Amino acid sequence: MNVFEAIDTRSSVSALTDPGPTDAQWEILLRAGARAPDHGRLRPWRFLIVRGAARELLGDVFAEALRASKPDTPQETLDRERRKPLRAPALLVVAVVPVPHSGVPEIEQILAGGAAAQNILLAAHALGLGTIWRTGAPAYSDDVARALGLPAQSRIVAFIYLGAPHAPAIRSAAVEPPNAVIWGAPPREFPLPPSEP
Ligand SMILES: Cc1cc2nc3c(=O)[nH]c(=O)nc-3n(C[C@H](O)[C@H](O)[C@H](O)COP(=O)(O)O)c2cc1C
């Protein structure tokens with residue numbers, strides 16, 4: 001699959017089942033993540049693989065963080081939160097630990113983490129794996145970051161759920177072509193017609 005095909009055919013897959021990525025596939029995925037553009041080559045990302053029984057521990061972390069932030073949460077909601085990491089055989093946590101005093105603004109370091117996540121989605125798709133990028137409250141919880149062993153100031157960019165697609169991906173609605181303009185030029189259609197010199 002070439003890169004255009006991968007970009008064009010990737011879609012989120014929420015129904016994921018065994019098997020998760022093999023060790024050889026993990027290596028390819030992590031390498032793809034680490035090839036993301038990264039201002040200053042700071043490599044601010046951290047990748048944490050969560051698979052097997054560790055998903056249950058992560059579920060406990062999610063549920064406990066929710067209970068701590070909203071003590072009145074009903075037990076049923078906490079139980080649903082606890083089951084979230086079990087929705088796929090494996091997860092990859094993509095986090096950014098901003099490098100201070102590097103001259104590269106934090107936003108750019110977080111964007112590099114997002115680019116790493118997207119590289120991983122595309123690489124996984126090319127390997128025949130299904131993925132979905134999820135965030136939600138756990139991504140923004142200091143309790144969750146701490147339980148994952150991430151340093152203070154870390155930002156969780158993505159929980160990428162990975163596995164075999166259980167059902168064919170539902171393609172997103174057709175994306176409108178981007179409404180690009182040629183800045184500084186008189187208004188005209190884009191892309192240019194083939195006859196344009
Ligand atoms: C930063 C970010 C956060 C996301 N968080 C969630 C999420 O919490 N739950 C979810 O179902 N999808 C989440 N998504 C996936 C989007 O819902 C999905 O990419 C979008 O619906 C487009 O569908 P597609 O991936 O099939 O093209 C997230 C995507 C991004 C980029």
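As a basis for the values below, the full set of heavy atoms in this structure was taken, side chains included, without hydrogen atoms, waters or symmetry mates. Counting starts at 1 for both ligands and their atoms, following the listed order. None of the values given here were measured: they were computed from a predicted structure.
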Those atoms of ligand 1 less than 4.0 Å from some heavy atom in [X]:
X    : result
I132 : 11 (O)
G136 : 8 (O)
S11  : 26 (O)

Option set W133, Y161, F159, criterion heavy-atom distance to atom 30 (C) of ligand 1, minimum: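 Among W133, Y161, F159, the closest heavy atom to atom 30 (C) of ligand 1 comes from W133.
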Under the salt bridge (charged side-chain N to carboxylate O under 4.0 Å, His left out) rule, what pairs show up with a residue in residues 12-25, not counting sequence neighbours?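 Every pair satisfying salt bridge (charged side-chain N to carboxylate O under 4.0 Å, His left out) with a residue in residues 12-25: D23-R51.
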Test item: L48 and L92 side chains (from C-beta on) under 4.5 Å apart, heavy atoms: no
4.0 Å heavy-atom contact, Q118 with ligand 1: no
Is a salt bridge present between R43 and D38, judged by a nitrogen-to-oxygen distance below 4.0 Å?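 Salt bridge absent between R43 and D38.
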Does this structure show an ion pair linking R82 with E64, if we count only N-O contacts that are shorter than 4.0 Å? no
Any chance the side chains of T9 and H125 put a donor and an acceptor closer than 3.5 Å?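 Checked: T9/H125 side chains pair up, N/O donor to acceptor below 3.5 Å.
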